[in-house]
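Presented below is the structure to which this report refers.
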Amino acid sequence: MVLGLAMTTSAQNPYWYDRDRDSLKRHQKEEQRELKYHQRLEREEFGNSKALKRHEKEEQRELKRHQKNEKRYGNMR
């Protein structure tokens, strides 16, 4: 009975879930900032060519895919 009550309480109060989600959000925002910084450096070095734009889009897609998997599967990767 006590174990069932504890499980119900944790399910109703998702404190741990919120904490994990917040740290994941922080982590993902940091990754996004790093990518933007990296892309800005590339633009300064290589200019604003169409090839660079395509490359940046692909990096964005890659990051989005990575973050989606992180969100879905946690820190398994």
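All heavy atoms count here, side chains included; hydrogens, waters and symmetry mates do not. Given the structure is predicted, the values throughout are model-derived calculations rather than measurements.
Among residues two or more places apart in sequence or in another chain, the salt bridge (Lys or Arg N to Asp or Glu O under 4.0 Å) test is passed with Arg61 by Glu58. By the salt bridge (Lys or Arg N to Asp or Glu O under 4.0 Å) test, Arg65 is found to be paired with no residue, residues two or more places apart in sequence or in another chain being considered. A search for side-chain contact (heavy atoms from CB on, under 4.5 Å) contacts involving Gln60 returns Gln32, Leu35, Gln39, not counting sequence neighbours. A search for side chain to side chain donor-acceptor pair (under 3.5 Å) contacts involving Glu31 returns His27, His66, Gln67, not counting sequence neighbours.
Each salt bridge (Lys or Arg N to Asp or Glu O under 4.0 Å) pair with one or both residues in residues 34-48, not counting sequence neighbours, appears once here: Arg43-Glu56.
Of all the heavy atoms in Lys71 and Leu24, the pair that sits closest is CA-CD2, 3.8 Å.
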